[in-house]
Amino acid sequence: MYRYKNNRRKHIKATFNDLPNEMLVKIFSYLDVGSLMNVACVCQNWSDLSESTVLWRSIYFQHLFYKLKASRNRFETINNGPCLKKEILSMFRKIRDKKCLPMIKRSAYTGVTDRMDQLTSKLGVTFQLCLENGNDEEAVIIVQSRRKVFNSSTVIQWHSLSAFPPFSSLSALKIYACTPLIYDRDNKPVPNGPTEKKLVFEERLKAGESLKSMVSAETIALHITNQNVTITLWKDTDEVAFVVASLHNHNLTKKCLLSTANSIYCEKHEVKLDDVDNQYGFHGYDLHIHLHTFGLSLWDQKFSCLFSEDNCSQSMPGFVEFSLAQSPVKLKTSQLKWRTEVFSGAIKNATMVDVSLTDCNKDMFWSWSRPLFSRPVDDKEMSIENGDCDNFVYQYNDEVGCLKILVSRAEKEVKLERIELFIKITAINQWFGTSHSSSL
């Protein structure tokens, strides 16, 4: 832009701030909702102008007017721009949740949200990884590189050659769901529309305490955090190669909708008492187990109406053992294949395991998803007749229970032989409000 004075041409640099506010508002009126909210971050003047009543009234008539009936007069009489913006965004959120929450249906087979892959795609949800440094500042935010939705878990991978900071400098790991706020008449997310950041996972990291070294390959060393997130470092370095989180699908959709940027949505468990059944808590369980890799389903099965023959396990005192009728089945592979922008490889003797255990009231009693690594097992620990095959076990235990998956390996064959489930009696007492003894 140039200004003329005394017939001389003077080169004077002009900026957008030299434009009158009315013209800036006119320019902003051509922006979509997402871009309008982005320009509000440029400076205080643009933030004030982006909240003009005329802009948000236009957005109201474009995206909201046809969806409302009784509350139309309330919006059309608001003349304060910031107040109108707040009310419109709140109404967008209410309309989205009212339409999406009834879509969440529980699968009778897995016990968790049914058709999770279709539901996630329809909502348009993506996941971001946020890594904070020692000062609790956001060190880096990485968008998902790959995502695979299974029946009972959603596996997300983040990888980058340059974005990851050194692991030793990190203090927290967070996963946000970026959930669209505005949907069109066909219930599809508006292109370039605004999204809300919903916290779905958070873990504090402590140097020397947060990582469990699991296995090393040719180029990577795989570690697991205390809350089952896989962090892979380049071998003999402090540099992160990739991060994998396997989020269990139980309540994951509700977390994507109802969480905030600072708190994770959580349903409070209500104890359901039974004063008649003296074996309350020892029967009526349904268990779904799914074995898979980062992107390939290997095997899954549901075990219904599980019960305990003894009130306390003899092999594991303080636990209740549940009988699982399982015939041997062949598995396609026993390794986790991984790849980044440049490198790829495989982690041997490993698999991803999803567990969904519902109680006799059909409430989710125990749910988790994480990689497990096999270890050799002798005949004294788990006896089985399988010829010349080598026996291995995948085992996981926490404050609720223990799961053992016995496999046998021949030269070119991996076979799942047996599954053993143990639940802590103290966890049963806390969940059901019972007072069963944990002694034999």
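In this structure, a donor-acceptor pair under 3.5 Å is present between the side chains of Thr225 and Glu203. Under the 3.5 Å distance criterion, with hydrogens and angles disregarded, a donor-acceptor pair is assigned to the side chains of Lys99 and Asn187. Between the side chains of Asn151 and His288, not a single donor N or O lies within less than 3.5 Å of an accepting N or O. When only modelled atom types and interatomic distance are considered, Ser35 and Asn192 share a side-chain donor-acceptor pair under 3.5 Å. Side chains of Asp398 and Trp368: a donor-acceptor N/O pair is absent below 3.5 angstrom, by distance only. Side-chain contact annotation: Asp114 with Tyr109, donor-acceptor N/O pair under 3.5 Å absent. Asn429 and Thr434 form a side-chain donor-acceptor contact under 3.5 Å, judged by distance and modelled atom types alone. Thr260 and Ser263 are linked by a side-chain donor-acceptor pair at a separation below 3.5 angstrom, with hydrogens and angles left out of the test. A donor and an acceptor atom, one from each side chain of Arg370 and Gln227, are nowhere located under 3.5 Å apart.
When every heavy atom of Phe164 is checked against every heavy atom of Phe242, the shortest pair comes out as CE1-CA, 4.3 Å. When all heavy atoms of His159 and Arg339 are compared, the closest pair comes out as CD2-O, 3.9 Å. Scanning all heavy atoms of the two residues, the minimum distance from Glu399 to Ala427 falls at O-CB, 4.1 Å.
The CD1 atom of Ile347 lies 5.5 Å from the OG1 atom of Thr232; values are rounded to the nearest 0.5 Å. Atoms CD1 and CZ, on Ile405 and Phe392 in that order, are 15.0 Å from each other to the nearest 0.5 Å. The CH2 atom of Trp299 lies 5.5 Å from the CD1 atom of Ile289; values are rounded to the nearest 0.5 Å. Here the CZ atom belonging to Phe307 is positioned 15.0 Å from the SG atom belonging to Cys360, to the nearest 0.5 angstrom. Rounding to the nearest 0.5 angstrom, the gap separating the CD atom in Gln301 from the CG atom in Leu291 is 11.0 Å. Interatomic distance, OG of Ser308 versus CZ of Phe322, reported as 5.5 Å (0.5 Å rounding).
Counting only distance, with no hydrogens or angles, the side chain of Asn249 and the backbone of Val112 share no donor-acceptor pair below 3.5 Å.
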Worked verdict on Asp363 versus Lys272 for side chain to side chain contact (heavy atoms under 4.5 Å, CB included): CA-CA 10 Å; Asp363 294 330; Lys272 300 176 181 178; 3.2 Å; yes
Verdict with supporting geometry, Glu420 and Val393, side chain to side chain contact (heavy atoms under 4.5 Å, CB included): CA-CA 10 Å; Glu420 294 184 357; Val393 63; over 6 Å; no
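A perpendicular orientation is assigned to the rings of His248 and His250, their planes being inclined by more than 60° (bins at 30° and 60°). Using a 30° and 60° split on the angle between ring planes, Tyr280 and Phe432 fall in the perpendicular class, above 60°.
Residues Trp338 and Leu222 form no side-chain contact, since every pair of their non-hydrogen atoms from C-beta on lies 4.5 Å or further apart.
The only option from Ser356, Ser297, Ser369, Ser153 that meets the side chain to side chain donor-acceptor pair (under 3.5 Å) definition with His290 turns out to be Ser297.
Note that Lys197 lies in the cation-pi zone of Tyr176, set by a 6.0 Å cut-off to the ring centre and a 45° limit from the axis.
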